[in-house]
Undergrad: 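Could you have a look at this structure, given as structure tokens, before my questions?
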Amino acid sequence: MSSILNGRPDLNKKVYEVAEVAGCLWQKGWAERNGGNITINVTDYVDDNIRQLPAISEIKAIGLNLPAIRNNYFYCKGTGKRMRDLAKDPMANGSIIRVLDDGAHYVVIADNPVQPTSELPSHLLVHNWFIESGSTYSATLHTHPIDLIAMSHHASFLQKDVLTNILWSMIPETKAFCPKGLGIVPYCLPGSNELAQATLKELNDYDVVLWEKHGVFAVDTDIINAFDQIDVLSKSAQIYIASKNMGYTPEGMSMEQMHEMTIAFNLPK
Ligand code: 2HA
Ligand code: ZN
């Protein structure tokens, strides 16, 4: 079957990075049924021929006014689609959309008229903010990591930076590879504007945000890096929980040891 990816190795690579991450999410047990969403900005890989492709869907409203992403292109997981299916066939379980010149509507352009993720407005709100703020980030990822969600069910972990410091202290790599830590968003209805706005606020300070009793939302330069930031946090959460299961609270690295890491890896304070 003809695909927009044919003869476009750079675009193909970006879409298959999403497929690789979708497979990881499924294997980790973070993507039951149609859980989670991924959106990446692929405008840098779009040529004049793609710009001329006709719409293959009706014009749909985003529901928000997002002027910074006018005429931008995104690969999005399809609504109701499974990560485990997307891993095998990304263009049947996701699609490429064009945001129209008004910054308020979009159309699907390839390969199939797959409607994008139910969380499209919140993902695009974040992509709009990347561009407005001059960020080089291009990927947004929402998933359901069991260990981090379990920790979000206890109020003591939800105070600012309590969980960040516990998770950083479980293994040195976590601070090195998730240097801003984990932001917290109190429970909000999935897909709500309230959740999107609260997430955007936390993204000023963090690349990964924990949605209480629901999941995480991560951003980075590409989808592999966004996944890796969640993965190191989840590893730390597992070490904490494994220690608790052995009957003790893990000691954690000392503040001196964490400080030493910060200096050695030239991390933000
Ligand atoms: O797409 O995970 O929160 C399914 C979800 C929404
Ligand atoms: Zn979810």
Side-chain angles (χ1 to χ4, degrees), residues 15 17-41 57 60-64 74-97 106 108 112-127 129 139-153 157-158 163 182-203 206-220 223 226-231 233-234 237:
V15 170
E17 284 177 7
V18 174
E20 180 187 332
V21 166
C24 294
L25 299 176
W26 166 248
Q27 286 185 349
K28 290 248 170 215
W30 298 352
E32 72 291 344
R33 202 172 180 275
N34 64 323
N37 344 95
I38 296 178
T39 306
I40 60 168
N41 191 328
S57 71
K60 293 259 165 116
I62 299 170
L64 296 167
F74 297 88
Y75 170 83
C76 311
K77 173 180 171 283
T79 186
K81 301 294 188 188
R82 295 173 172 83
M83 291 291 183
R84 64 178 189 263
D85 293 334
L86 195 158
K88 288 181 286 193
D89 193 349
M91 294 309 286
N93 294 281
S95 57
I96 293 179
I97 65 164
Y106 69 93
V108 179
N112 302 295
V114 173
Q115 276 307 310
T117 164
S118 57
E119 301 272 0
L120 188 70
S122 61
H123 283 245
L124 292 186
L125 178 70
V126 172
H127 282 280
W129 170 73
T140 54
L141 167 57
H142 164 58
T143 187
H144 299 162
I146 300 163
D147 34 46
L148 293 168
I149 298 171
M151 294 184 88
S152 83
H153 281 263
F157 292 131
L158 300 177
L163 209 39
L182 182 60
I184 306 284
V185 169
Y187 184 83
C188 297
L189 183 71
S192 63
N193 189 42
E194 189 192 7
L195 179 58
Q197 296 296 341
T199 302
L200 191 59
K201 185 161 163 279
E202 287 298 286
L203 290 175
Y206 303 94
D207 287 342
V208 189
V209 176
L210 181 62
W211 290 350
E212 182 186 338
K213 298 169 189 149
H214 178 169
V216 295
F217 189 94
V219 297
D220 210 319
I223 197 65
F227 170 77
D228 282 343
Q229 290 212 54
I230 303 170
D231 198 23
L233 291 169
S234 165

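Both counts, for ligands and for their atoms, begin at 1 and track the order of listing. Values below: all heavy atoms of this structure, side chains included; hydrogens, waters and symmetry mates excluded.
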Undergrad: If you check every N/O/S atom of His214, which is the one nearest the Zn ion (ligand 2)?
TA: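 That would be atom NE2.
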Undergrad: So, the side chain of Glu194 versus the backbone of Cys188: is there a donor-acceptor pair under 3.5 Å, distance only?
TA: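 Such a contact is absent between Glu194 side chain and Cys188 backbone.
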Undergrad: Give the numbers and elements of all ligand 1 atoms closer than 4.0 Å to a heavy atom of Asn34.
TA: 1 (O), 4 (C)
Undergrad: Should you measure from each heavy atom of His214, which atoms of ligand 1 turn up under 4.0 Å away?
TA: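 Selected atoms, number and element: 3 (O).
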Undergrad: Is a donor on one side and an acceptor on the other found under 3.5 Å between the side chain of Asn112 and the backbone of Met91?
TA: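 Checking the backbone N and O of Met91 against the side chain of Asn112, a donor-acceptor pair under 3.5 Å is found.
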Undergrad: For atom 1 (O) of ligand 1, what is the closest protein heavy atom, and at what distance to 0.1 Å?
TA: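 Looking only at protein heavy atoms, the one closest to atom 1 (O) of ligand 1 is Asn37 ND2, 2.7 Å.
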Undergrad: Between NE2 of His142 and NE2 of His144, what angle is found at the Zn ion (ligand 2), rounded to 10 degrees?
TA: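 His144 NE2 and His142 NE2 form an angle of 100° at the Zn ion (ligand 2).
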Undergrad: Would you check if the side chain of His127 reaches a backbone N or O of Thr39 as a donor-acceptor pair within less than 3.5 Å?
TA: yes
Undergrad: Which atoms of ligand 1 sit under 4.0 Å from any heavy atom of His144?
TA: 2 (O)
Undergrad: For atom 6 (C) of ligand 1, what's the nearest protein heavy-atom neighbour? Residue, atom name and distance, please.
TA: Glu119 OE2, 3.4 Å
Undergrad: Where the side chain of Glu212 meets the backbone of Tyr187, is there a donor-acceptor pair that is under 3.5 Å apart?
TA: yes
Undergrad: Would you say Gly36 and ligand 1 have an N/O pair spaced under 3.5 Å apart?
TA: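 Yes, there is a polar N/O contact under 3.5 Å.
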Undergrad: Is there a nitrogen or oxygen of His142 sitting under 3.5 Å from a nitrogen or oxygen of ligand 1?
TA: yes
Undergrad: Spell out, as yes or no, whether a donor-acceptor pair under 3.5 Å connects the side chain of Thr199 to the backbone of Leu195.
TA: yes
Undergrad: Main chain of Phe74, side chain of Tyr106: is a donor-acceptor contact present, judged purely on distance under 3.5 Å?
TA: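 Between the backbone of Phe74 and the side chain of Tyr106 there is no qualifying donor-acceptor contact (under 3.5 Å).
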Undergrad: Is there a donor-acceptor pair closer than 3.5 Å between any side-chain N or O of Lys77 and the backbone N or O of Lys81?
TA: yes
